[in-house]
2 protein chains.
Amino acid sequence: MSKSYRHGQILRIIRSKSVHTQDELARCLKTIGLATTQVTLSRDVRELGLVKTPEGYREITHEETGPAFRLLAAEFLHDIRAASNLVVLKTAPGHANSVAVALDNEEWKEVVGTIAGDDTILVIAPDEKTAAHLCKRFHKLLEGR
Amino acid sequence: MSKSYRHGQILRIIRSKSVHTQDELARCLKTIGLATTQVTLSRDVRELGLVKTPEGYREITHEETGPAFRLLAAEFLHDIRAASNLVVLKTAPGHANSVAVALDNEEWKEVVGTIAGDDTILVIAPDEKTAAHLCKRFHKLLEGR
DNA sequence: CATTCTGTTGAATAAACATTCACTTATGGA
DNA sequence: TCCATAAGTGAATGTTTATTCAACAGAATG
């Protein structure tokens, strides 16, 4: 009954048939012996990066982050922190600028602009909520590096 | 204040910034002088084929229907009707079989199977709701042919 | 062991979204 | 003109999804 097993089953199900609601997905899982609730599935949907389309839930080709920023971040990005509508990124000394430039080039809609010092980048988001989302996105970028 | 103008503005907005809710979208439209409600936007989102992603609303590359079925349908498909969990397609006499074969090859998840006669195809959907959805999808296919 | 921390989950609830119904407006015949 | 029909809309309401909060389990630490 592990979470990752459930995730796998969810993917298998939505690949094989149209599932239009999370409750429906819960019923599908039940038929293979996995008892869950809509609450859990709401989280699973987010974690798996699924989106709801008129044809049912689908995996979305995760708009890939360009390699430049990804590589630089993997190498030099040390800390990520949200502060109101800002995200503060800490880098290795002297590398803030190059990382910020790479990030600018990504042209993420969530990023209004960046300011780079020596080892700190201030990423300006339009609002607090977006900043929090950005934060997660940065963390995700570093997973498993 | 036409609907199609609003649709255009909606696309422009979601291409340029992250919009996470329909209420937020309504506020964006208001700033350019378009007063709408969430109700209307719910319909617009569906009509424009947008999906909600963690990064905001997005146009989804409409999983293209293969050309074979599309072309055959444009040429020979005459009527579309839902009946319980079935969709009954009427074609030009003698063409039901070829259209059905092309449809089978599409491997739509909503289609359990098809049975073709001379000028009639029975499309079997898993349930009534899916049949209704299929119906719309067929109709959409024929728009503007 | 106790304790703290982290991750997972469900119940209750809030938020977001979709649908129904009634109304308006425009259009196109009789 | 008058009626019928169709398209578009919003208010109210129903459905679906997300979040909050509390509980619990297991791992790490004193």
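Everything quoted here is computed from the prediction, not taken from an experiment. Per chain, numbering begins at 1; letters A, B, ... match sequence-line order.
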So the ring-ring contact (aromatic ring centres under 6.0 Å, His included) pairs with at least one residue in residues 82-105 of chain B (sequence neighbours excluded) are B:Phe76-B:His95

A:Ser18 meets the side chain to side chain donor-acceptor pair (under 3.5 Å) criterion, sequence neighbours left out, with none

| So, is A:Tyr57 near the phosphate of D:dT17, with a side-chain N or O under 4.0 Å from OP1 or OP2? | yes

Contact check, residues 15-22 of chain A vs DNA chain D, heavy-atom distance under 4.0 Å, returns A:His20, A:Thr21, A:Gln22

Sorted by chain and number, sequence neighbours left out, side chain to side chain donor-acceptor pair (under 3.5 Å) with A:Thr130 holds for A:Asp127

For residues 113-123 of chain B, the side-chain hydrogen bond (donor to acceptor under 3.5 Å, both in side chains) pairs (sequence neighbours left out) are B:Lys90-B:Thr120, B:Asp104-B:Thr114

Taken in chain and number order and not counting sequence neighbours, the residues that satisfy side chain to side chain donor-acceptor pair (under 3.5 Å) with B:Ser84 are none

Residue set satisfying side chain to side chain donor-acceptor pair (under 3.5 Å) with B:Glu24, at least two apart, ordered chain then number -> none

In whole angstroms, the gap separating P of C:dA16 from CD of B:Glu24 amounts to 10 Å

Whole-Å distance, A:Leu25 CG to D:dT15 P, equals 20 Å

(message) Is there a side-chain contact between B:Ser42 and the phosphate of C:dC17, meaning an N or O under 4.0 Å from OP1 or OP2?
(response) no

| task | Mind running salt bridge (charged side-chain N to carboxylate O under 4.0 Å, His left out) on A:Glu110 and B:Lys17 for me, showing each step along the way? | result | CA-CA 7 Å; A:Glu110 301 101 307; B:Lys17 67 188 292 264; over 6 Å; no

Letter by letter from the 5' end, nucleotides 20-28 of chain D scores (B base, S sugar-phosphate only, - none; protein heavy atoms under 4.0 Å) B--------

Taken to the nearest whole Å, CZ/A:Arg46 to C1'/D:dT19 is 9 Å

Discussion item. At less than 4.0 Å, is any side-chain N or O atom of B:Arg6 found next to OP1 or OP2 of D:dG8? Yes or no.
Written reply: no

So salt bridge (charged side-chain N to carboxylate O under 4.0 Å, His left out) across residues 33-50 of chain A, not counting sequence neighbours, yields A:Lys3-A:Glu47, A:Arg6-A:Asp44

B:Asp44 CG to C:dC17 P, in whole Å, measures 13 Å

Rounded to whole Å, CD1 of B:Ile10 lies from C1' of D:dG8 at a distance of 14 Å

In whole angstroms, the gap separating C1' of C:dA15 from CG of B:Asp23 amounts to 9 Å

Separation of C:dG7 atom P from A:Glu47 atom CD, nearest Å, is 12 Å

* Under-3.5 Å donor-acceptor pair between B:Gln38 side chain and C:dA16 base -> no

Taking only N and O in the side chain of B:Lys52, is any of them less than 4.0 Å away from OP1 or OP2 of C:dA16?
no

### Message
Do B:Leu89 and B:Leu86 land in one hydrophobic cluster if side-chain heavy atoms of ILVMFWY residues count as linked below 4.5 Å?
### Response
no

